[in-house]
Amino acid sequence: MAMLTLEQQQTLAFEHVRNALVHRLGRKASGAQWQQFEDRLKTHLPALLDNLQPLYGHRPDFLAQLDALIEMAWTGWSERPKEMKALDEAREKNPTWFQSEKVVGGVLYVDRFAGNLKNLQDQIPYFKELGLSYLHLMPPFKVPPGNSDGGYAVSSYRDVNPEIGTIEDLRALAKALRKEGISLVLDFIFNHTANDHPWAQAAVKGDPAYKDFYFLFPDRTQPDIYERTVREIFPDEHRGAFSQLPDGRWIWTTFHTFQWDLNYSNPAVFNAMAGEMLAIANLGAEILRLDAVAFVWKRPGTPCESLPEVHNLIRAFNALARIAAPSLLFKSEAIVHPAEVMSYISPEECQLSYNPLQMALQWNSLATREVNLLQQALEKWHHLPHDTAWVNYVRSHDDIGWTFADEDAAQFGINGYDHRKFLNRFYNNRFPGSFARGVPFQENPDTGDARVSGTFASLAGLEQGDPLAVQRMLLLFSTILSTGGLPLIYLGDEVGTLNDPSYLNSPDEADDSRWIHRPRRDVARYEQRNNPNTVPGQIFTGLRSMIIIRANTPAFAGGELIGYRAANPAVLGYTRSSAEQTVLVLANYSEFEQHCPAQVFQAMPDHPVRDLLTDRTYNLRHGVTLAPYGVLWLEIRAPESGAHA
Ligand code: GLC
Ligand code: GLC
């Protein structure tokens with residue numbers, strides 16, 4: 001028999017899958033909606049198969065599982081609300097909308113910011129005042145009573161936590177936000193479920209349909225093998241990666257004992273989570289944050305992080321989204337080595353990714369007053385595939401970990417291990433003279449490893465009373481707004497909210513220092529936000545004006561950046577360009593005035609250039625002096641009409 005070409009094989013596969021579905025759907029498989037589905041299926045089935053086959057192709061139930069998956073995709077598509085389908089169409093015409101200089105993100109806990117979903121809707125005018133067009137709600141789904149890791153232990157992806165409202169409230173909020181040009185972002189917590197999720201309950205009971213949904217072992221044999229090579233994530237809570245059930249069995253729990261890792265070597269798990277994914281997308285979420293993405297595939301003898309199969313899984317989820325929720329985007333949460341972070345970013349995988357390296361190195365530069373590692377990161381790790389973007393942030397709801405590469409640090413004679421120890425001491429208030437007031441998170445007695453908790457303001461010196469804290473904060477805000485990609489603000493930081501030690505009085509939170517930086521909305525601070533005579537006002541109005549200026553600066557769209565070495569160890573430099581404009585950003589990461597000598601700017605225009613932030617002009621050929629923590633956004637090439645020569 002003649003060999004089939006790849007194209008012929010793909011056509012055959014498509015016909016098989018389509019015909020099987022038509023057979024089951026009967027007359028429902030017709031009309032415009034069906035036609036759209038069929039077209040997308042034809043386009044994206046090859047990618048789906050390419051990625052599912054290496055995972056499940058060897059199993060006798062492969063085709064049956066595939067048929068079930070495609071039927072679910074059809075259900076997802078046929079249930080997709082009209083306005084989401086309209087969004088799908090709009091985004092098809094503007095697929096890189098998230099690269100716009102006008103896009104700014106915010107993140108919050110619904111209960112802590114507004115009490116509940118209905119009240120949150122009343123905050124939309126505030127989000128617009130700040131300039132947000134992207135809003136990430138920390139997980140709003142149903143959780144077990146007591147500790148739920150801030151919502152990251154989900155009992156049902158189809159129900160909202162009754163304390164904050166109903167699924168209808170969430171749907172209404174999504175709609176209201178979209179109407180105001182704000183995209184809703186939700187988590188896709190697919191590495192684990194809560195231990196009281198119905199799948200988990202069925203699995204412990206030995207229900208044949210669910211017994212392979214998790215990693216359950218009768219004794220320590222397998223866990224001991226795995227633990228030789230896996231990292232401990234929450235060593236304070238439990239050592240190793242497994243927890244023991246009351247009946248003596250062991251179960252995989254990368255995070256807390258109540259967060260049970262799903263077993264993706266079982267295709268039924270993939271199908272089940274894919275169904276939840278489409279349901280969340282159809283609620284109105286435009287972007288899903290892929291939580292704990294690196295951990296979703298395990299193999300003995302490996303670290304069980306970022307294995308090649310993880311990429312197959314994400315690509316398969318992505319292909320499914322293209323078929324049934326086409327405008328849906330993924331944001332990767334991989335807080336790992338920079339090369340590993342990069343490996344998740346592509347249009348076929350995650351179009352967006354947190355930029356934990358830039359985040360951590362901004363703090364590093366504040367501590368050392370040297371930009372060496374940050375400048376290197378911008379030149380070495382910043383460049384992304386077309387159609388993707390970084391999410392740049394100062395801090396998140398999680399701890400700050402020092403995930404720079406030891407090899408990179410070694411280039412400057414810095415020993416990674418020792419340097420991380422220094423940074424932990426500096427930010428955890430164990431280093432004389434430090435401005436920071438952080439607290440340690442998950443200190444590992446064996447490895448000496450630790451991370452840092454604290455709000456932006458408290459880590460930047462506001463709590464300690466440092467007179468330059470506001471400048472320091474505006475400097476970091478400037479960096480996340482200008483390096484390219486989507487800036488993301490943890491709400492509360494824009495008014496300088498301080499650490500909240502009250503978590504220590506709550507039994508469910510006391511063991512997890514991350515709660516120190518998840519304070520409730522500080523109403524008094526928000527009331528002062530437009531009064532520049534107050535500290536919250538200085539931070540808020542400073543940030544707000546940077547957001548407005550950025551939104552009117554086409555050079556800040558997209559992610560392209562060229563490093564510009566300013567011949568001063570404390571000054572970070574880079575240029576950003578669009579077709580008609582170039583902006584040179586210079587940022588002083590020290591509390592002293594810094595001078596950049598004239599020689600550095602030989603290639604720069606020999607006429608005064610305008611600082612977009614202050615409207616003052618500078619002649620770079622004379623060199624430039626930056627104020628303590630000062631920032632300049634210098635327009636060195638302006639659109640025709642706006643030339644300031
Ligand atoms: C992610 C979340 C973190 C959570 C963990 C487990 O890293 O950001 O808050 O503890 O996943 O879900
Ligand atoms: C993330 C990270 C880990 C982080 C944790 C939550 O997945 O890998 O370093 O601390 O979850 O805080």
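One-based numbering, in listed order, for ligands and for the atoms of each.
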Practice task
Quick one: list whatever passes side chain to side chain donor-acceptor pair (under 3.5 Å) with T302, sequence neighbours left out.
Solution key: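 Listed in chain order: nothing, the list is empty.
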Handout entry: Test side chain to side chain donor-acceptor pair (under 3.5 Å) applied to R521 - qualifying residues, sequence neighbours left out
Key =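 Side chain to side chain donor-acceptor pair (under 3.5 Å) list for R521, sorted by chain: empty.
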Which of the numbered atoms in ligand 1 are below 4.0 angstrom from a heavy atom of [X]?
X    : answer
Q259 : 6 (C), 12 (O)
H397 : 2 (C), 3 (C), 8 (O), 9 (O)
R514 : 3 (C), 4 (C), 9 (O), 10 (O)
E333 : 1 (C), 7 (O), 8 (O)
F234 : 10 (O)

Handout entry: Side-chain heavy atoms of F217 within contact of P223, under 4.5 Å
Key =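 Result yes, sub-4.5 Å side-chain heavy-atom pair found.
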Practice task
Flag the pair V154 / D187 as yes when at least one side-chain heavy-atom distance between them is below 4.5 Å, and no otherwise.
Solution key: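 When only atoms from C-beta onward are counted, D187 and V154 do not touch, as no gap falls below 4.5 Å.
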Practice task
If the plane angle is over 60° it's perpendicular, under 30° parallel, otherwise tilted; pick one for Y393 and Y354.
Solution key: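 Judged by the thresholds at 30° and 60°, the geometry between Y393 and Y354 is perpendicular.
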Practice task
Evaluate the ring planes of W199 and H197, with Trp represented by its six-membered ring, and classify them as parallel (under 30°), tilted (30 to 60°) or perpendicular (over 60°).
Solution key: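 Judged by the thresholds at 30° and 60°, the geometry between W199 and H197 is tilted.
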Exercise for the section: Check whether any N or O atom of R518, backbone or side chain, sits under 3.5 Å from an N or O atom of ligand 1, and answer yes or no. Expected result: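 No, since none of the N or O atoms of R518 sits under 3.5 Å from an N or O of ligand 1.
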Handout entry: Proximity of R289 to ligand 1 by residue part, where a heavy atom lies under 4.0 Å
Key =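 R289 to ligand 1: side-chain contact only, backbone stays beyond 4.0 Å.
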Practice task
Please state which part of Y354 comes within less than 4.0 Å of ligand 1, counting heavy atoms only: side chain, backbone, both or neither.
Solution key: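 Under 4.0 Å from ligand 1, Y354 contributes no heavy atoms.
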Problem - Flag for D149-Q259: side-chain donor and acceptor within less than 3.5 Å - result: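 Their side chains do contain a donor-acceptor pair, which is all the 3.5 Å distance test asks for.
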Exercise for the section: State if D398 counts as touching ligand 1 under the rule of any non-hydrogen atom under 4.0 Å. Expected result: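 Yes, that is the case, since the closest heavy atom of the residue is under 4.0 Å from the ligand.
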Practice task
May I ask whether H192 places a heavy atom under 4.0 Å from ligand 1?
Solution key: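 Yes; H192 lies near enough to ligand 1 that a heavy-atom distance drops under 4.0 Å.
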